[in-house]
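Nothing here was measured: the structure is a model prediction, and the numbers come from that model. All residue numbers refer to positions in the sequence shown, counting from 1.
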Amino acid sequence: MTFSTSSRRALGGRQALLAEVERLGRDVLGGADPFEEALHALADGDGLPPGLTPEMLFAGGIPRIRPLLVTLAARVGTVEGRLDPEAAFEAACVAELLHAGIRLHDAALGRPHGRRRRAARKVLKATWWLGGNHLSLRALEIARRLPAPEILGDLLETMREVAEGHALGEELRRREPTAADAIQHAEGRAGAVFSFACRAGGRLGGVERHSVAGLSRYGRHVGVAWQLSEDLASFERPEERRELLADAAWTRPLYPVAWANQEDPEVGRLWGRVREQGDGEVVDLLAERVRASGGLVAGRSALIQQTWAARQALVDLPETPARQAMEKLAGSLARAAA
(Lines give C-alpha, C1' and ligand atoms only; values in the text may rest on other atoms or scores of the structure.)
Protein backbone atom coordinates (compact mmCIF):
# COMPACT_ATOMS: atom_id res chain seq x y z
CA MET A 1 0.00 0.00 0.00
CA THR A 2 1.25 3.47 -0.86
CA PHE A 3 0.16 6.88 0.33
CA SER A 4 -0.64 10.04 -1.56
CA THR A 5 1.86 12.51 -2.97
CA SER A 6 0.93 14.99 -0.22
CA SER A 7 1.75 12.36 2.40
CA ARG A 8 5.19 11.81 0.88
CA ARG A 9 5.72 15.59 0.84
CA ALA A 10 4.89 15.65 4.55
CA LEU A 11 7.62 13.08 5.19
CA GLY A 12 10.04 15.27 3.28
CA GLY A 13 8.89 18.19 5.41
CA ARG A 14 9.70 16.27 8.59
CA GLN A 15 13.18 15.53 7.29
CA ALA A 16 13.64 19.20 6.39
CA LEU A 17 12.52 20.16 9.90
CA LEU A 18 15.15 17.94 11.52
CA ALA A 19 17.78 19.37 9.18
CA GLU A 20 16.75 22.90 10.19
CA VAL A 21 17.05 21.99 13.88
CA GLU A 22 20.53 20.63 13.24
CA ARG A 23 21.52 23.77 11.33
CA LEU A 24 20.24 26.06 14.08
CA GLY A 25 21.95 23.83 16.62
CA ARG A 26 25.30 24.26 14.88
CA ASP A 27 24.80 28.03 14.64
CA VAL A 28 23.57 28.54 18.20
CA LEU A 29 25.26 25.79 20.20
CA GLY A 30 28.45 25.40 18.17
CA GLY A 31 30.25 22.21 17.19
CA ALA A 32 32.73 22.28 20.08
CA ASP A 33 30.14 23.22 22.69
CA PRO A 34 29.87 21.04 25.83
CA PHE A 35 26.32 20.27 24.70
CA GLU A 36 27.77 18.30 21.83
CA GLU A 37 30.02 16.15 23.99
CA ALA A 38 27.31 15.56 26.59
CA LEU A 39 24.70 14.54 24.02
CA HIS A 40 27.11 12.12 22.38
CA ALA A 41 28.02 10.71 25.81
CA LEU A 42 24.34 10.25 26.66
CA ALA A 43 23.72 8.52 23.32
CA ASP A 44 26.66 6.22 24.06
CA GLY A 45 25.15 5.31 27.43
CA ASP A 46 27.42 7.32 29.77
CA GLY A 47 25.59 8.22 32.95
CA LEU A 48 22.56 6.01 32.31
CA PRO A 49 21.37 3.61 35.04
CA PRO A 50 22.75 0.05 34.95
CA GLY A 51 20.84 -2.12 32.50
CA LEU A 52 19.46 0.82 30.52
CA THR A 53 20.71 0.87 26.95
CA PRO A 54 20.83 4.09 24.89
CA GLU A 55 18.85 2.32 22.14
CA MET A 56 15.91 2.14 24.54
CA LEU A 57 15.78 5.92 24.88
CA PHE A 58 17.44 7.42 21.85
CA ALA A 59 16.49 5.39 18.80
CA GLY A 60 17.48 7.51 15.82
CA GLY A 61 19.76 9.78 17.85
CA ILE A 62 19.16 12.77 20.09
CA PRO A 63 17.74 15.87 18.34
CA ARG A 64 19.24 19.17 19.47
CA ILE A 65 15.78 20.67 19.92
CA ARG A 66 15.68 20.90 23.76
CA PRO A 67 19.20 22.36 24.25
CA LEU A 68 18.43 24.69 21.37
CA LEU A 69 15.25 25.94 23.05
CA VAL A 70 17.07 26.57 26.34
CA THR A 71 19.73 28.67 24.61
CA LEU A 72 17.38 30.60 22.32
CA ALA A 73 15.02 31.41 25.19
CA ALA A 74 17.94 32.67 27.25
CA ARG A 75 19.11 34.90 24.40
CA VAL A 76 15.69 36.48 23.92
CA GLY A 77 16.44 38.73 26.89
CA THR A 78 17.96 42.16 26.30
CA VAL A 79 20.45 41.90 29.19
CA GLU A 80 23.83 41.33 27.55
CA GLY A 81 26.27 38.91 29.15
CA ARG A 82 23.67 37.55 31.59
CA LEU A 83 23.75 33.97 30.34
CA ASP A 84 26.16 31.59 32.05
CA PRO A 85 27.07 28.90 29.46
CA GLU A 86 27.59 26.26 32.15
CA ALA A 87 24.18 26.98 33.71
CA ALA A 88 22.52 26.83 30.28
CA PHE A 89 24.25 23.50 29.65
CA GLU A 90 22.96 22.08 32.95
CA ALA A 91 19.42 23.35 32.30
CA ALA A 92 19.51 21.62 28.91
CA CYS A 93 20.68 18.42 30.63
CA VAL A 94 17.65 18.61 32.92
CA ALA A 95 15.36 18.89 29.88
CA GLU A 96 17.08 15.89 28.28
CA LEU A 97 16.65 13.85 31.47
CA LEU A 98 12.93 14.71 31.52
CA HIS A 99 12.63 13.54 27.94
CA ALA A 100 14.61 10.37 28.67
CA GLY A 101 12.34 9.62 31.64
CA ILE A 102 9.29 9.75 29.39
CA ARG A 103 10.95 7.44 26.88
CA LEU A 104 11.84 5.02 29.67
CA HIS A 105 8.25 5.06 30.93
CA ASP A 106 7.02 4.37 27.38
CA ALA A 107 9.41 1.46 27.03
CA ALA A 108 8.11 0.00 30.32
CA LEU A 109 4.58 0.13 28.91
CA GLY A 110 5.58 -1.41 25.58
CA ARG A 111 4.23 -4.54 23.99
CA PRO A 112 4.08 -7.52 26.38
CA HIS A 113 7.05 -9.87 26.12
CA GLY A 114 9.03 -7.22 24.23
CA ARG A 115 12.76 -6.90 24.98
CA ARG A 116 12.63 -3.13 25.49
CA ARG A 117 9.71 -3.48 27.89
CA ARG A 118 11.45 -6.11 30.02
CA ALA A 119 14.64 -4.06 30.22
CA ALA A 120 12.78 -0.84 31.08
CA ARG A 121 10.74 -2.47 33.83
CA LYS A 122 13.89 -3.91 35.32
CA VAL A 123 15.45 -0.44 35.42
CA LEU A 124 12.41 1.34 36.83
CA LYS A 125 11.55 -1.26 39.52
CA ALA A 126 8.56 0.91 40.46
CA THR A 127 5.13 1.81 39.13
CA TRP A 128 5.26 5.54 39.87
CA TRP A 129 7.29 7.70 37.51
CA LEU A 130 9.23 9.40 40.30
CA GLY A 131 9.64 6.25 42.39
CA GLY A 132 13.28 5.19 42.28
CA ASN A 133 13.78 6.77 38.86
CA HIS A 134 17.46 7.55 38.51
CA LEU A 135 16.82 10.04 35.71
CA SER A 136 14.28 12.08 37.68
CA LEU A 137 16.45 12.23 40.77
CA ARG A 138 19.42 13.33 38.70
CA ALA A 139 17.33 16.08 37.09
CA LEU A 140 16.30 17.38 40.52
CA GLU A 141 19.91 17.27 41.68
CA ILE A 142 21.08 19.43 38.78
CA ALA A 143 18.16 21.87 38.96
CA ARG A 144 18.78 22.51 42.64
CA ARG A 145 22.17 24.08 41.95
CA LEU A 146 21.17 26.29 39.02
CA PRO A 147 21.57 30.04 39.65
CA ALA A 148 17.86 30.77 39.02
CA PRO A 149 16.04 29.14 41.98
CA GLU A 150 12.69 29.33 40.18
CA ILE A 151 13.87 26.57 37.84
CA LEU A 152 13.59 23.95 40.56
CA GLY A 153 9.94 24.90 41.07
CA ASP A 154 9.42 24.81 37.31
CA LEU A 155 10.92 21.33 37.21
CA LEU A 156 8.64 20.03 39.96
CA GLU A 157 5.63 21.50 38.17
CA THR A 158 6.74 19.88 34.92
CA MET A 159 7.16 16.51 36.64
CA ARG A 160 3.63 16.84 37.98
CA GLU A 161 2.37 17.57 34.46
CA VAL A 162 4.22 14.58 33.07
CA ALA A 163 2.82 12.35 35.84
CA GLU A 164 -0.70 13.57 35.00
CA GLY A 165 0.02 12.77 31.36
CA HIS A 166 1.01 9.24 32.36
CA ALA A 167 -2.26 8.94 34.32
CA LEU A 168 -4.22 10.07 31.27
CA GLY A 169 -2.34 7.53 29.18
CA GLU A 170 -3.36 4.77 31.59
CA GLU A 171 -6.99 5.91 31.36
CA LEU A 172 -6.84 5.90 27.57
CA ARG A 173 -5.72 2.29 27.62
CA ARG A 174 -9.24 1.49 28.85
CA ARG A 175 -11.23 3.65 26.44
CA GLU A 176 -10.96 5.08 22.95
CA PRO A 177 -9.17 8.46 22.90
CA THR A 178 -10.67 11.55 21.31
CA ALA A 179 -8.72 14.11 19.31
CA ALA A 180 -8.84 16.40 22.36
CA ASP A 181 -7.37 13.57 24.48
CA ALA A 182 -4.48 13.24 22.02
CA ILE A 183 -3.69 16.96 22.27
CA GLN A 184 -3.92 16.90 26.07
CA HIS A 185 -1.63 13.87 26.19
CA ALA A 186 0.91 15.60 23.94
CA GLU A 187 0.81 18.64 26.24
CA GLY A 188 1.84 16.40 29.14
CA ARG A 189 4.79 14.99 27.21
CA ALA A 190 6.72 17.05 24.68
CA GLY A 191 4.60 20.10 25.47
CA ALA A 192 5.58 20.04 29.15
CA VAL A 193 9.27 19.33 28.47
CA PHE A 194 9.63 21.98 25.75
CA SER A 195 7.81 24.50 27.95
CA PHE A 196 10.24 23.75 30.78
CA ALA A 197 13.22 24.19 28.45
CA CYS A 198 11.98 27.62 27.35
CA ARG A 199 11.13 28.76 30.88
CA ALA A 200 14.50 27.63 32.19
CA GLY A 201 16.32 29.45 29.42
CA GLY A 202 14.30 32.59 29.97
CA ARG A 203 15.02 32.61 33.69
CA LEU A 204 18.74 32.08 33.13
CA GLY A 205 18.75 34.88 30.58
CA GLY A 206 17.09 37.31 32.97
CA VAL A 207 14.03 37.99 30.81
CA GLU A 208 11.03 39.68 32.42
CA ARG A 209 8.33 37.59 34.07
CA HIS A 210 5.70 38.20 31.37
CA SER A 211 8.28 37.20 28.74
CA VAL A 212 8.96 33.95 30.62
CA ALA A 213 5.23 33.23 30.41
CA GLY A 214 5.29 33.84 26.66
CA LEU A 215 8.30 31.58 26.25
CA SER A 216 6.53 28.89 28.25
CA ARG A 217 3.48 29.04 25.96
CA TYR A 218 5.73 28.97 22.91
CA GLY A 219 7.50 25.85 24.18
CA ARG A 220 4.24 24.09 24.95
CA HIS A 221 2.80 24.71 21.49
CA VAL A 222 6.05 23.78 19.74
CA GLY A 223 6.22 20.59 21.83
CA VAL A 224 2.69 19.57 20.85
CA ALA A 225 3.45 20.40 17.21
CA TRP A 226 6.66 18.36 17.41
CA GLN A 227 4.71 15.34 18.68
CA LEU A 228 2.02 15.81 16.03
CA SER A 229 4.74 15.76 13.38
CA GLU A 230 5.97 12.47 14.86
CA ASP A 231 2.41 11.12 14.78
CA LEU A 232 2.17 11.93 11.08
CA ALA A 233 5.60 10.42 10.42
CA SER A 234 4.33 7.14 11.91
CA PHE A 235 2.10 6.84 8.83
CA GLU A 236 4.53 8.25 6.29
CA ARG A 237 7.52 5.90 6.65
CA PRO A 238 6.32 2.60 5.14
CA GLU A 239 9.44 0.71 6.18
CA GLU A 240 8.94 1.69 9.84
CA ARG A 241 5.17 2.12 10.04
CA ARG A 242 4.34 -1.27 11.50
CA GLU A 243 6.77 -1.01 14.40
CA LEU A 244 5.94 2.64 15.11
CA LEU A 245 2.19 2.14 15.20
CA ALA A 246 2.44 -1.05 17.23
CA ASP A 247 4.62 0.69 19.83
CA ALA A 248 2.42 3.78 19.89
CA ALA A 249 -0.69 1.70 20.50
CA TRP A 250 0.78 0.74 23.86
CA THR A 251 2.17 4.09 24.93
CA ARG A 252 0.14 7.03 23.62
CA PRO A 253 -2.79 8.08 21.48
CA LEU A 254 -2.02 9.28 17.97
CA TYR A 255 -3.97 12.35 16.88
CA PRO A 256 -4.72 11.10 13.32
CA VAL A 257 -6.11 7.84 14.74
CA ALA A 258 -8.19 9.56 17.42
CA TRP A 259 -9.62 12.04 14.93
CA ALA A 260 -10.35 9.37 12.31
CA ASN A 261 -12.14 7.21 14.89
CA GLN A 262 -14.68 9.99 15.36
CA GLU A 263 -15.48 9.70 11.64
CA ASP A 264 -15.11 5.94 11.25
CA PRO A 265 -15.69 3.64 14.28
CA GLU A 266 -13.86 0.86 12.45
CA VAL A 267 -10.64 2.78 13.13
CA GLY A 268 -11.08 2.23 16.88
CA ARG A 269 -11.59 -1.48 16.41
CA LEU A 270 -8.47 -1.74 14.25
CA TRP A 271 -6.49 0.32 16.77
CA GLY A 272 -7.45 -2.22 19.44
CA ARG A 273 -6.32 -5.06 17.19
CA VAL A 274 -2.98 -3.34 16.58
CA ARG A 275 -2.46 -3.22 20.34
CA GLU A 276 -3.44 -6.86 20.77
CA GLN A 277 -1.76 -8.32 17.68
CA GLY A 278 0.53 -5.77 16.04
CA ASP A 279 0.81 -7.79 12.85
CA GLY A 280 1.55 -6.05 9.59
CA GLU A 281 -1.79 -6.71 7.95
CA VAL A 282 -3.74 -5.05 10.77
CA VAL A 283 -1.36 -2.08 10.87
CA ASP A 284 -1.67 -1.53 7.13
CA LEU A 285 -5.47 -1.72 7.33
CA LEU A 286 -5.46 0.84 10.13
CA ALA A 287 -3.18 3.19 8.21
CA GLU A 288 -5.35 3.01 5.09
CA ARG A 289 -8.53 3.59 7.12
CA VAL A 290 -7.04 6.60 8.91
CA ARG A 291 -5.94 8.13 5.62
CA ALA A 292 -9.32 7.52 3.96
CA SER A 293 -11.16 9.08 6.91
CA GLY A 294 -9.14 12.28 6.72
CA GLY A 295 -7.06 11.63 9.82
CA LEU A 296 -3.77 12.67 8.22
CA VAL A 297 -5.26 15.88 6.85
CA ALA A 298 -6.71 16.65 10.29
CA GLY A 299 -3.33 15.96 11.90
CA ARG A 300 -1.60 18.40 9.56
CA SER A 301 -4.26 21.02 10.29
CA ALA A 302 -3.80 20.57 14.06
CA LEU A 303 -0.03 20.88 13.66
CA ILE A 304 -0.38 24.17 11.76
CA GLN A 305 -2.71 25.53 14.47
CA GLN A 306 -0.13 24.73 17.13
CA THR A 307 2.67 26.45 15.21
CA TRP A 308 0.50 29.54 14.71
CA ALA A 309 -0.21 29.64 18.46
CA ALA A 310 3.53 29.25 19.14
CA ARG A 311 4.38 32.26 17.01
CA GLN A 312 1.60 34.29 18.64
CA ALA A 313 3.15 33.57 22.04
CA LEU A 314 6.25 35.50 20.96
CA VAL A 315 4.56 38.74 19.89
CA ASP A 316 5.34 40.64 23.11
CA LEU A 317 8.99 39.57 23.23
CA PRO A 318 11.74 41.93 22.09
CA GLU A 319 12.87 41.75 18.47
CA THR A 320 16.13 39.85 18.78
CA PRO A 321 17.93 37.32 16.56
CA ALA A 322 16.95 34.61 19.08
CA ARG A 323 13.26 35.43 18.73
CA GLN A 324 13.60 35.37 14.95
CA ALA A 325 15.21 31.94 15.18
CA MET A 326 12.33 30.71 17.37
CA GLU A 327 9.82 32.01 14.84
CA LYS A 328 11.76 30.28 12.07
CA LEU A 329 11.70 27.03 14.03
CA ALA A 330 7.91 27.24 14.34
CA GLY A 331 7.71 28.01 10.64
CA SER A 332 9.75 24.90 9.86
CA LEU A 333 7.28 22.83 11.86
CA ALA A 334 4.41 24.31 9.87
CA ARG A 335 6.15 23.48 6.61
CA ALA A 336 6.57 19.90 7.81
CA ALA A 337 2.77 19.63 7.66
CA ALA A 338 2.46 21.06 4.13
Side-chain angles (χ1 to χ4, degrees), residues 9-31 33 35-36 39 60-77 83 88-89 91-92 94-96 98-99 158 183 186-187 189-205 207 211-233 299-338:
R9 281 202 304 268
L11 175 56
R14 172 71 181 177
Q15 293 169 338
L17 166 65
L18 295 176
E20 176 66 13
V21 170
E22 285 299 306
R23 188 194 68 76
L24 280 171
R26 287 192 298 272
D27 291 346
V28 174
L29 304 177
D33 195 279
F35 282 122
E36 192 75 16
L39 293 180
I62 308 177
R64 296 168 179 248
I65 182 65
R66 288 163 293 274
L68 181 60
L69 289 175
V70 171
T71 304
L72 288 176
R75 294 183 180 179
V76 162
L83 180 62
F89 163 67
V94 172
E96 288 302 322
L98 281 169
H99 170 71
T158 303
I183 294 294
E187 288 176 344
R189 291 165 59 94
V193 175
F194 284 30
S195 177
F196 168 80
C198 289
R199 272 186 290 175
R203 295 196 192 282
L204 291 174
V207 304
S211 295
V212 171
L215 289 169
S216 177
R217 291 194 303 274
Y218 169 87
R220 187 172 305 277
H221 289 300
V222 166
V224 173
W226 185 273
Q227 187 154 314
L228 287 170
S229 74
E230 289 185 345
D231 289 356
L232 291 167
R300 290 192 284 272
S301 176
L303 195 163
I304 291 171
Q305 290 174 11
Q306 291 292 328
T307 59
W308 180 86
R311 298 178 78 169
Q312 287 297 109
L314 299 176
V315 295
D316 293 330
L317 273 65
E319 288 282 355
T320 62
R323 172 183 161 174
Q324 293 171 3
M326 296 175 86
E327 290 177 338
K328 188 170 184 179
L329 179 58
S332 296
L333 270 164
R335 287 192 294 276

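- Atom CG of Leu303 sits about 11.0 Å away from atom CH2 of Trp226, to the nearest 0.5 Å.
- Taking the side-chain contact (heavy atoms from CB on, under 4.5 Å) definition, one finds that Ala197 meets it with Leu69, Val70, Ala95, sequence neighbours left out.
- Within the 4.5 Å cutoff, the side chain of Pro318 has heavy atoms near those of the Val76 side chain.
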TODO: Would you sort out whether Leu98 and Arg66 count as a side chain to side chain contact (heavy atoms under 4.5 Å, CB included), showing the intermediate values?
DONE: CA-CA 10 Å; Leu98 281 169; Arg66 288 163 293 274; over 6 Å; no
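- For the pair Ser332 (side chain) and Lys328 (backbone), a donor-acceptor distance under 3.5 Å is present.
- Note that the CZ atom of Arg300 and the OG atom of Ser229 stand 12.5 Å from one another [nearest 0.5 Å].
- Under the side-chain contact (heavy atoms from CB on, under 4.5 Å) criterion, Val222 pairs with Phe194, Tyr218, Ala310, Leu333, not counting sequence neighbours.
- For the atom pair CZ (Arg199) and OG1 (Thr158), the distance works out to 4.5 Å, reported to the nearest 0.5 Å.
- Atoms CD1 and CD, from Ile65 and Glu96 in turn, are 10.0 Å apart once rounded to the nearest 0.5 Å.
- Taking 4.5 Å as the limit, every side-chain heavy atom of Arg75 sits out of range of all side-chain heavy atoms of Thr320.
- Residues Ser216 and Ser195 are in side-chain contact: their nearest non-hydrogen atoms beyond the backbone lie under 4.5 Å apart.
- Thr307 places no side-chain N or O within donor-acceptor distance of the main-chain N or O of Gly331, the cut-off being under 3.5 Å.
- Between Ala330 and Arg311 the shortest heavy-atom distance is CB-CG, 3.6 Å.
- For the pair Leu228/Leu232, no side-chain contact is recorded, criterion being any heavy-atom separation below 4.5 Å from C-beta on.
- Every residue meeting the salt bridge (Lys or Arg N to Asp or Glu O under 4.0 Å) condition with Arg323, not counting sequence neighbours, appears here in chain and number order: Glu319, Glu327.
- Atom SG of Cys198 is separated from atom CZ of Arg220 by 10.5 Å, given to the nearest 0.5 angstrom.
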